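This report refers to the structure that appears directly beneath it.
Since the structure is predicted, the reported quantities are computational estimates derived from the model, not experimental observations. In the text below, chain A, chain B and the rest are named by the order of the sequence lines, each starting its count at 1.
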2 protein chains.
Amino acid sequence: MSLRHAVLATLLPGPQSGYDLAKKFDEVMRGVWYARRNQMYGELAKLTEAGFAVQAAEGPRGRRAYSVTDEGRAELRRWLVETEPDRTVRDETMLRALLVSTLEPADALGVLAREEDVLRTELHALRGYLDSLLAEPGTDPMVMGLSLRAHIVEGMLKWTTDATRRFRAAPDARG
Amino acid sequence: MSLRHAVLATLLPGPQSGYDLAKKFDEVMRGVWYARRNQMYGELAKLTEAGFAVQAAEGPRGRRAYSVTDEGRAELRRWLVETEPDRTVRDETMLRALLVSTLEPADALGVLAREEDVLRTELHALRGYLDSLLAEPGTDPMVMGLSLRAHIVEGMLKWTTDATRRFRAAPDARG
DNA sequence: AACTGCATGTAATTGGTTACATGATTCA
DNA sequence: TGAATCATGTAACCAATTACATGCAGTT
């Protein structure tokens with residue numbers, strides 16, 4: 001299961017609470033793996049039970065910060081190196097892109113415009129995040145993954161622009 | 001929910017059985033949305049109950065072919081045009097790419113090599129599929145979506161090559 | 001007669017989502 | 001003192017996965 005290991009890896013830099021992790025998932029992991037806020041607490045409990053994480057500190061407002069154990073680090077390595085990746089992909093944006101050609105040209109153009117808009121916003125956010133990481137001293141390991149997502153969003157955006165032009169130029173030449 | 005609409009769209013070209021749909025999902029939809037074989041039967045039942053599909057024919061070996069109703073066509077359009085897309089993305093390949101920088105260089109290189117291999121295989125299959133579609137008379141609507149996936153896999157592949165080179169050249173310069 | 005591929009499902013379990021429920025701290 | 005943010009969770013429901021279970025039709 002991936003969420004378990006995604007949480008474990010996100011926890012690596014240092015003690016964090018479920019709340020912290022939820023924020024990091026929204027910011028950094030969005031384009032790769034998504035989780036709801038309340039899923040974090042469950043995963044942290046299961047990681048703790050398995051011995052891969054421990055509650056490291058308690059703070060105000062009932063805050064409970066967890067950190068990764070040596071077993072947790074070993075498990076993460078084992079998962080990345082020894083297990084066969086699950087090739088299941090779920091991306092509704094891409095699914096809609098695939099299905100847009102079943103629509104009338106006018107409808108298709110509307111859907112494409114909305115997708116383009118959202119992708120542009122995501123790319124902008126990604127670039128801002130990348131810039132802020134690169135400005136800091138020392139290279140954050142996340143940079144590599146984020147730049148991959150940026151490349152992908154750029155590719156999707158290029159495709160959207162292209163598809164829009166094609167739909168506008170020859171509304172019946174779908175493909 | 002996306003699987004319901006993905007199945008509905010896949011059913012558009014003409015009467016198909018759960019078995020047919022499962023095959024099409026493996027071939028065409030893989031890089032966009034994935035579903036198990038046995039999920040198809042459940043979705044077809046639910047689509048029928050909702051009035052979006054009907055059992056159109058019965059064949060040998062208990063084969064039951066379904067086709068899309070007018071209500072189904074309307075529902076697909078409504079979903080694509082009027083509903084806000086779910087931006088949830090789940091892609092374990094990308095998640096692993098993001099996490100690879102937490103590994104020792106030697107481990108990272110191994111993981112990257114495996115990813116590169118799988119991506120190359122997928123790209124090869126995609127190109128074969130695209131060629132066979134383009135050779136046929138008339139443009140299949142799926143071509144557009146498949147070419148998007150091909151672009152994305154190309155991007156991921158480029159990134160993998162790049163990351164491998166960087167890990168080999170300067171094993172400690174992660175980023 | 002054996003093998004491959006076609007064809008359908010159900011049951012049990014796990015994972016994910018939605019809705020609910022609560023309360024402390026900080027800042028304006 | 002009111003709003004925003006921090007902070008944690010549970011319960012009910014729905015979706016997805018895994019394992020199981022069955023059998024026909026065509027080919028060699």
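A salt bridge between A/Glu122 and A/Arg127 is absent, with no side-chain N of the basic residue lying under 4.0 Å from a carboxylate O of the acidic one. Between B/Asp162 and B/Lys158 there is no salt bridge, since none of the side-chain N atoms of the basic residue sits less than 4.0 Å from a carboxylate O of the acidic one. Taking a cutoff of 4.0 Å between a charged side-chain nitrogen and a carboxylate oxygen, A/Arg120 and A/Glu116 qualify as a salt bridge. A salt bridge does not link A/Glu58 with A/Arg64: none of the charged nitrogens is closer than 4.0 Å to a carboxylate oxygen.
In terms of heavy-atom proximity, B/Glu92 sits nearest to A/Pro85 at OE2-CA, 3.6 Å.
Looking at A/Asp86, A/Val89, A/Thr88 one by one, the single match for side-chain contact (heavy atoms from CB on, under 4.5 Å) with B/Tyr34 turns out to be A/Thr88.
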Which pairs, protein N/O on one side and nucleotides 1-3 of chain C N/O on the other, fall under 3.5 Å?
none

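At least one side-chain heavy atom of A/Met156 sits under 4.5 Å from a side-chain heavy atom of A/Ile152.
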Exercise for review: Scan nucleotides 6-17 of chain C nucleotide by nucleotide, 5' to 3', and note B when protein non-hydrogen atoms come under 4.0 Å of the base, S if they reach only the sugar-phosphate, - if neither.
Suggested key: BBBSB----SSB
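Computed from C1' positions of five pairs at each end, the angle between the two local axes of the helix from C/dA1-D/dT28 to C/dA28-D/dT1 equals 30°, rounded to 10 degrees.
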Check your understanding: Given A/Trp159 and B/His151, is the ring pair (Phe, Tyr, Trp, His ring centres under 6.0 Å) satisfied, shown in steps?
Key -> CA-CA 8 Å; A/Trp159 180 89; B/His151 272 99; 8.7 Å; no
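Between atom NE2 of residue A/His5 and atom CG of residue A/Leu8 there is a gap of 6.5 Å, rounded to the nearest 0.5 Å.
Taking a 6.0 Å sphere around CD of A/Glu49, one finds it holds 12 or fewer heavy atoms contributed by other residues, nucleotides or ligands.
Distance B/Glu92 CD to D/dT17 C1': 14 Å, rounded to the nearest Å.
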